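Notes to accompany the following structure.
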Amino acid sequence: QLQLVESGGGLVQPGGSLRLSCAASGFTLDYYTIGWFRQAPGKEREGVSCISSSDPSTYYADSVKGRFTISRDNAKNTVYLQMNSLKPEDTAVYYCAASSQPCIVVTTTTIDYWGQGTQVTVSS
């Protein structure tokens, strides 16, 4: 069974940090572009960050640039999203997703596999 499983979400105070993990089973992440998306209540799902399969290129939404870092550990078949200096507006369900397309064209419509999501709540 092919699936992505996110973990690492939770409740954190503003200014705090969390590290999300996205582990794959049933397939190898090496060959896929991996994106992190998030969806807040009442809002559309938006792209947060992306990492290419074939080179170390990474991409970030302007809202998280300088605070979030995406990385991959192919030996563990896992992609991470380190989130620092968290803000209340970062509160959302975070999803990882695998695509056979390069980051530059990855959107919610070009995803091959979605994870189930993990809740991140930033609140004092």
Side-chain angles (χ1 to χ4, degrees):
Q1 186 177 2
L2 307 179
Q3 62 178 352
L4 294 170
V5 179
E6 301 97 333
S7 61
L11 173 64
V12 64
Q13 292 186 342
S17 299
L18 286 173
R19 188 178 79 158
L20 305 183
S21 299
C22 172
S25 62
F27 68 105
T28 303
L29 284 182
D30 301 31
Y31 306 116
Y32 288 87
T33 292
I34 304 299
W36 283 96
F37 294 78
R38 66 186 181 186
Q39 189 166 20
K43 295 188 176 180
E44 292 188 354
R45 192 169 298 188
E46 63 175 355
V48 174
S49 183
C50 185
I51 186 166
S52 299
S53 61
S54 58
D55 58 61
S57 297
T58 56
Y59 298 85
Y60 299 94
D62 288 342
S63 59
V64 306
K65 204 170 291 184
R67 300 187 297 121
F68 290 11
T69 303
I70 191 170
S71 62
R72 64 194 306 155
D73 185 338
N74 289 338
K76 294 184 177 179
N77 214 24
T78 300
V79 171
Y80 303 98
L81 185 68
Q82 178 67 44
M83 306 187 297
N84 298 329
S85 302
L86 283 161
K87 304 175 181 180
E89 52 263 43
D90 294 318
T91 296
V93 177
Y94 283 70
Y95 299 88
C96 69
S99 174
S100 56
Q101 302 297 319
C103 280
I104 197 168
V105 296
V106 166
T107 68
T108 56
T109 62
T110 59
I111 298 301
D112 297 307
Y113 305 106
W114 286 100
Q116 84 288 350
T118 186
Q119 176 70 47
V120 171
T121 303
V122 185
S123 175
S124 54

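Since the structure is predicted, the reported quantities are computational estimates derived from the model, not experimental observations.
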Original post:
Is a side-chain N or O of Glu6 found less than 3.5 angstrom from the main chain of Gly117, in a donor-acceptor match?
Top reply: yes
Subject >> Inter-residue atom distance Leu4.CG - Ser25.OG, 0.5 Å rounding >> reply: 7.5 Å
**OP:** Please round to the nearest 0.5 Å and tell me the distance separating atom OG1 of Thr33 and atom CD1 of Ile51.
**Re:** 9.5 Å
**OP:** Would you please classify the geometry between the Tyr113 ring and the Tyr32 ring as parallel, tilted or perpendicular, with 30° and 60° separating the classes?
**Re:** perpendicular
Original post:
side chain to side chain contact (heavy atoms under 4.5 Å, CB included) between Leu20 and Val120: does it pass, once the steps are laid out?
Top reply: CA-CA 9 Å; Leu20 305 183; Val120 171; 4.0 Å; yes
Original post:
Do Leu18 and Val122 come within less than 4.5 Å of each other through their side chains, counting heavy atoms only?
Top reply: no
Original post:
Just wondering, do Pro88 and Pro14 contact through their side chains at under 4.5 Å, heavy atoms?
Top reply: yes
**OP:** State, with a plain yes or no, whether a side-chain heavy atom of Arg67 is found less than 4.5 Å away from one of Met83.
**Re:** no
Subject >> Minimum side-chain heavy-atom gap Val79-Cys96 below 4.5 Å >> reply: no
**OP:** Could you tell me whether a side-chain N or O of Arg72 sits under 3.5 Å from a main-chain N or O of Ile34, the two making a donor and an acceptor?
**Re:** no
Original post:
Given side chains that start at C-beta, do those of Tyr59 and Val106 come closer than 4.5 Å, heavy atoms only?
Top reply: no
Subject >> Basic-acidic side-chain contact under 4.0 Å: Lys87, Asp90 >> reply: no
**OP:** Determine whether Val93 and Val48 fall in the same hydrophobic cluster, where Ile, Leu, Val, Met, Phe, Trp and Tyr are linked whenever their side-chain heavy atoms lie under 4.5 Å apart.
**Re:** no
**OP:** For atom NZ of Lys43, decide whether the heavy atoms of other residues, nucleotides or ligands shown that lie under 6.0 angstrom number more than 12.
**Re:** no
**OP:** Report yes or no: is the cationic atom of Arg19 (NZ for Lys, CZ for Arg) under 6.0 Å from the centre of the six-membered ring of Tyr80, at an angle within 45° of the ring normal?
**Re:** yes
Subject >> Nearest-0.5 Å distance that lies between atom CZ in Arg45 and atom CH2 in Trp114 >> reply: 4.5 Å
Subject >> Atom pair CZ/OG1 of Phe68 and Thr58 - distance to nearest 0.5 Å >> reply: 14.0 Å
**OP:** Answer yes or no: is there a side-chain heavy-atom contact under 4.5 Å between Asp30 and Asn77?
**Re:** yes
Subject >> Other residues, nucleotides, ligands: >12 heavy atoms within 6.0 Å of Glu89 CD >> reply: yes
Subject >> Ser49 side, atom OG; Tyr94 side, atom OH - distance, nearest 0.5 Å >> reply: 11.0 Å
Subject >> CD on Gln119 to CG on Leu11, rounded to 0.5 Å >> reply: 9.5 Å
Original post:
Taking atom types as modelled, is there a side-chain donor on Thr121 or Ser123 under 3.5 Å from an acceptor on the other?
Top reply: no
Original post:
Is there a path of hydrophobic side-chain contacts, each under 4.5 Å between heavy atoms of I, L, V, M, F, W or Y residues, that connects Val5 with Ile111?
Top reply: no
Original post:
Mind checking whether Thr118 and Ser7 have side chains closer than 4.5 Å, heavy atoms only?
Top reply: no
Original post:
Should the heavy atoms of other residues, nucleotides or ligands under 6.0 Å from CD1 of Ile104 be counted, would the total exceed 12?
Top reply: no
Original post:
Out of curiosity, does Leu81 fall in the hydrophobic cluster containing Leu86 (side-chain heavy atoms, cut-off under 4.5 Å, transitive links)?
Top reply: yes
Original post:
Tyr60, Trp36: one ILVMFWY side-chain cluster at the under-4.5 Å cut-off?
Top reply: yes
Original post:
Can you find a heavy atom in the side chain of Thr108 that is under 4.5 Å from one in the side chain of Tyr95?
Top reply: no
